2 protein chains.
Amino acid sequence: MSQSITIKDIAQLLGLSKSTVSRALKDHPDISPETKRAVKEIAERLHYKPNHVAISLRHRKSRMIGLLVPNISYFFFPSVIEGIEEIVHQHGYQLMILQSNESYDREVNGIDTMLANNVEGILASVSRRTEDFSHFKNVIDRDIPIVFFDRVPEEIKADMVLVDDIRGTYDGVKHLLETGRKRIAICIGHPNLLISKNRLKGYKMALHEAGMEIKDEYIISGQSIDEVESATHQLLNQDTPPDGIFAISDLTMTGIMKSIYTNRLRIPEDIAVIGFCEEPFSTMYNPPLSAIQPMGFEIGKIATEVLFNRIQAEHSFMVTPEIHNITSRMVIRGST
Amino acid sequence: MSQSITIKDIAQLLGLSKSTVSRALKDHPDISPETKRAVKEIAERLHYKPNHVAISLRHRKSRMIGLLVPNISYFFFPSVIEGIEEIVHQHGYQLMILQSNESYDREVNGIDTMLANNVEGILASVSRRTEDFSHFKNVIDRDIPIVFFDRVPEEIKADMVLVDDIRGTYDGVKHLLETGRKRIAICIGHPNLLISKNRLKGYKMALHEAGMEIKDEYIISGQSIDEVESATHQLLNQDTPPDGIFAISDLTMTGIMKSIYTNRLRIPEDIAVIGFCEEPFSTMYNPPLSAIQPMGFEIGKIATEVLFNRIQAEHSFMVTPEIHNITSRMVIRGST
DNA sequence: ACCGGTTTCGCAACCGGTTGCGGTTGATAA
DNA sequence: TTATCAACCGCAACCGGTTGCGAAACCGGT
């Protein structure tokens with residue numbers, strides 16, 4: 001009972017050849033109805049399950065999509081993955097998830113194992129430490145469709161799906177201005193990432209448009225909750241502390257809120273808070289936060305749809321890559 | 001440039017046979033040093049990468065571990081996955097993650113694809129809707145090691161790794177009692193799950209030991225944040241509302257806190273809160289929560305270590321299954 | 001010159017399915 | 001009776017590696 005049963009077993013039991021069994025199982029017209037019935041019945045009875053590995057080897061196709069993410073912990077990416085899974089399963093594919101953990105080596109490694117496992121397409125969000133993108137060029141050279149999302153490389157020609165970073169930040173900061181805030185700070189992430197640059201750009205645009213000065217001491221950053229928390233602590237304890245703050249991500253938001261709590265500031269009386277923040281986190285705080293929803297679920301869905309379009313298209317490399325900007329939604333709650 | 005290069009390509013280029021190339025690449029003693037050098041050099045130059053699918057087919061081994069979880073969204077499971085990945089990668093294996101999304105069919109399906117992909121071992125946390133466990137028996141019959149964690153089936157003989165649910169809840173409730181709370185409520189999850197039963201048991205033990213009555217109206221439940229929130233709302237607005245509440249999980253904690261916030265109750269003056277809650281969520285609330293840390297990271301690590309022990313042992317089915325209880329850590333913060 | 005032993009490599013089967021092509025059988029038409 | 005053709009099925013190669021076994025080539029010893 002320990003070995004799984006194969007086409008050969010069925011063939012021997014019925015005195016047929018492997019080929020006949022194989023064809024019978026997939027309703028090939030060359031096979032007589034009686035043979036088909038017999039084969040299918042015994043296959044059913046023995047719980048025959050085709051071996052994906054063998055099929056993958058023969059067809060050079062695996063019905064698997066590779067997903068490369070920096071991490072799946074806590075924020076944002078879980079939502080993206082939910083969106084991805086929905087589409088992937090609609091197509092009868094499986095998802096192979098690899099985490100880079102923000103390590104360049106593991107990212108390269110992950111791409112390698114995906115290729116070695118014959119994935120038919122790749123969804124990727126790059127590590128913040130990645131500055132050499134040749135492993136991705138490799139994928140493209142091998143004609144394997146790849147779609148980047150959220151954290152995208154600037155210099156690669158491929159499909160991209162991302163939130164409208166500039167617009168989202170611009171809207172958020174503008175909303176702070178409209179509610180009367182005069183000293184608005186921002187906390188950004190790793191400067192390597194395009195999203196950091198773009199979100200900072202949106203911040204500056206909004207301030208500039210309002211004729212306000214951009215002060216360097218109101219621009220802080222951090223890679224972890226703790227780093228953000230202490231950076232925020234410094235920010236809040238300077239001579240002219242900000243009266244509004246924009247958080248670039250769920251992670252930075254957490255650090256900021258912790259610092260505000262320990263500084264016993266009242267929200268929104270003392271300081272207003274808004275930023276990119278995914279459900280359900282924005283409503284875990286007290287008061288619930290006004291937020292720009294990055295809509296990870298939609299990003300995942302759209303990126304996967306784009307990917308399947310490429311997979312199904314012939315000569316996908318001929319089609320020019322597209323950039324999809326997802327417009328994020330701003331929800332106003334008690335923090336502004 | 002689009003096709004990946006194979007052992008055959010190298011063989012032809014050097015006028016050797018496939019077998020010689022294969023052996024040269026893995027330093028087989030039968031091959032002369034010069035041949036090895038030549039083969040390795042050209043393999044390097046052509047970026048030869050062995051095809052995992054072919055190897056998997058031949059060896060009936062994939063160097064892949066299958067992970068089945070209800071979902072990877074938001075709470076708890078991401079931490080577990082981090083722990084799992086650490087060990088899996090230490091062994092040079094890859095992780096294949098499947099989500100059941102709390103659906104029985106998708107759980108069965110997920111197990112099937114894992115088997116079809118020749119995973120060498122399975123880590124599983126069952127869906128709350130699962131009541132028939134024959135798909136797991138299947139795995140065991142095929143001699144594929146499987147380790148359950150957190151949400152484990154009661155009637156299957158296999159290794160289990162779980163937090164000490166009874167003890168954790170007992171400790172938490174006892175702590176509420178020690179800080180003077182008299183009317184302690186609990187919010188549990190789906191009654192199908194052993195963890196719900198056990199955690200409820202710990203709650204009753206603590207109350208019983210203190211000579212206190214167990215009131216049904218203080219035992220609420222919910223499957224989603226919204227359900228928990230409205231159940232908590234009812235709980236808090238009855239004639240004799242509780243002055244302490246225990247949350248069975250991060251998810252229920254979120255619903256409880258939302259309800260407490262909207263009811264404008266003060267923590268811990270009006271009501272004390274404690275429960276199973278993973279970092280960093282327990283510190284996102286205001287005040288930061290006293291919590292029993294389920295230690296997902298450790299669970300993942302230990303479950304995976306147990307699994308690899310099984311994989312490496314011969315006749316793993318001979319060894320009697322073990323149950324590993326992880327003692328959770330209680331951290332007291334501002335909410336009690 | 002012959003024998004035994006080592007070194008080095010190739011043949012072919014195998015893992016589990018898939019598929020082009022060719023063969024056998026029986027019925028039908030000429 | 002024989003040529004024709006469809007219906008049905010098997011042979012064998014293939015995907016990309018792995019491996020048992022045998023063989024050729026070369027060695028030194030006698």
Side-chain angles (χ1 to χ4, degrees), chain A residues 2-40 42-43 46-64 112-120 142, chain B residues 2-40 42-43 46-64 112-120 142:
Chain A
S2 84
Q3 272 303 327
S4 64
I5 80 130
T6 73
I7 262 193
K8 199 186 198 175
D9 300 326
I10 300 181
Q12 283 175 345
L13 279 172
L14 289 172
L16 292 170
S17 72
K18 290 197 306 176
S19 17
T20 305
V21 174
S22 170
R23 282 191 260 252
L25 285 172
K26 47 187 46 170
D27 274 330
H28 192 286
D30 270 8
I31 308 300
S32 72
E34 308 94 75
T35 309
K36 283 182 187 169
R37 215 193 24 72
V39 169
K40 283 179 182 171
I42 201 165
L46 266 51
H47 300 111
Y48 167 75
K49 296 273 163 54
N51 184 324
H52 288 196
V53 178
I55 296 173
S56 171
L57 178 59
R58 175 69 227 239
H59 284 154
R60 283 116 159 277
K61 297 202 174 177
S62 58
R63 296 189 83 71
M64 285 211 293
D112 276 350
T113 42
M114 286 179 182
L115 295 180
N117 281 95
N118 285 0
V119 296
E120 293 182 41
R142 282 178 53 169
Chain B
S2 84
Q3 272 302 328
S4 63
I5 80 130
T6 74
I7 263 193
K8 201 187 199 173
D9 300 327
I10 300 181
Q12 282 175 346
L13 279 171
L14 290 172
L16 292 170
S17 72
K18 290 198 305 175
S19 16
T20 305
V21 174
S22 169
R23 281 190 260 252
L25 285 171
K26 46 188 46 169
D27 273 329
H28 193 287
D30 271 7
I31 307 299
S32 73
E34 309 91 76
T35 309
K36 282 182 188 170
R37 215 192 25 72
V39 168
K40 284 180 184 171
I42 202 166
L46 267 50
H47 300 112
Y48 166 76
K49 296 273 163 54
N51 183 324
H52 289 195
V53 178
I55 296 173
S56 170
L57 177 59
R58 176 69 227 239
H59 283 152
R60 282 117 160 272
K61 297 202 174 176
S62 58
R63 297 190 81 71
M64 285 211 293
D112 276 348
T113 41
M114 286 179 184
L115 295 180
N117 282 293
N118 285 1
V119 297
E120 293 182 40
R142 283 179 53 172

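A, B, ... follow the sequence lines: proteins, then strands. Residue 1 opens every chain. These numbers were taken from a predicted model, which means no experiment stands behind them.
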Validation row: [X], [Y] side chains within 4.5 angstrom (heavy atoms):
| X | Y | answer |
| --- | --- | --- |
| B:S4 | A:R142 | yes |
| B:V53 | A:R58 | no |
| A:L14 | A:V39 | yes |
| A:L13 | A:L46 | yes |
| A:L25 | A:I7 | yes |
| A:H47 | A:I5 | no |

Calculate, to the nearest 0.5 Å, the distance between atoms [atom1] and [atom2] belonging to [X] and [Y] respectively.
| X | Y | atom1 | atom2 | result |
| --- | --- | --- | --- | --- |
| A:R60 | A:N118 | CZ | CG | 8.5 Å |
| A:K18 | A:I10 | NZ | CD1 | 12.5 Å |
| B:K49 | A:D112 | NZ | CG | 4.0 Å |
| A:S56 | B:H52 | OG | NE2 | 12.0 Å |
| B:N117 | A:R63 | CG | CZ | 12.0 Å |

With a 4.0 angstrom cut-off to heavy atoms of chain A, pull out the first and last contacting nucleotide of DNA chain D, in 5'-to-3' order.
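Terminal contacting nucleotides, 5' to 3': D:dC8 to D:dG16.
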Bend angle of the helix from C:dA1-D:dT30 to C:dA30-D:dT1, end axes from five pairs each (to 10°):
70°
Identify, residue by residue, the members of residues 5-14 of chain A with a heavy atom below 4.0 Å from DNA chain C, and return them in order of residue number, or none.
A:T6, A:I7, A:K8
B:K40 and B:D27: CA distance, side-chain angles, deciding distance, side chain to side chain contact (heavy atoms under 4.5 Å, CB included) verdict
CA-CA 10 Å; B:K40 284 180 184 171; B:D27 273 329; 2.9 Å; yes
Check step by step if side chain to side chain contact (heavy atoms under 4.5 Å, CB included) holds for A:K26 and A:I31.
CA-CA 10 Å; A:K26 47 187 46 170; A:I31 308 300; over 6 Å; no
Among residues 49-62 of chain A, which ones have heavy-atom contacts with DNA chain D below 4.0 Å?
A:L57, A:R58, A:R60
Below 4.0 angstrom, which residues in residues 18-40 of chain B have at least one non-hydrogen atom near DNA chain D?
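Residues of residues 18-40 of chain B that come under 4.0 Å of DNA chain D are, in numerical order, B:K18, B:S19, B:S22, B:R23, B:K26.
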Using a strict threshold of under 4.0 Å (side-chain N to carboxylate O), is an ion pair present between A:D30 and A:R23?
no
List for me each residue that meets side chain to side chain contact (heavy atoms under 4.5 Å, CB included) alongside A:I55, sequence neighbours excluded, and say none if there are none.
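If we apply the side chain to side chain contact (heavy atoms under 4.5 Å, CB included) test to A:I55, skipping adjacent residues, the hits are A:P50, A:H59.
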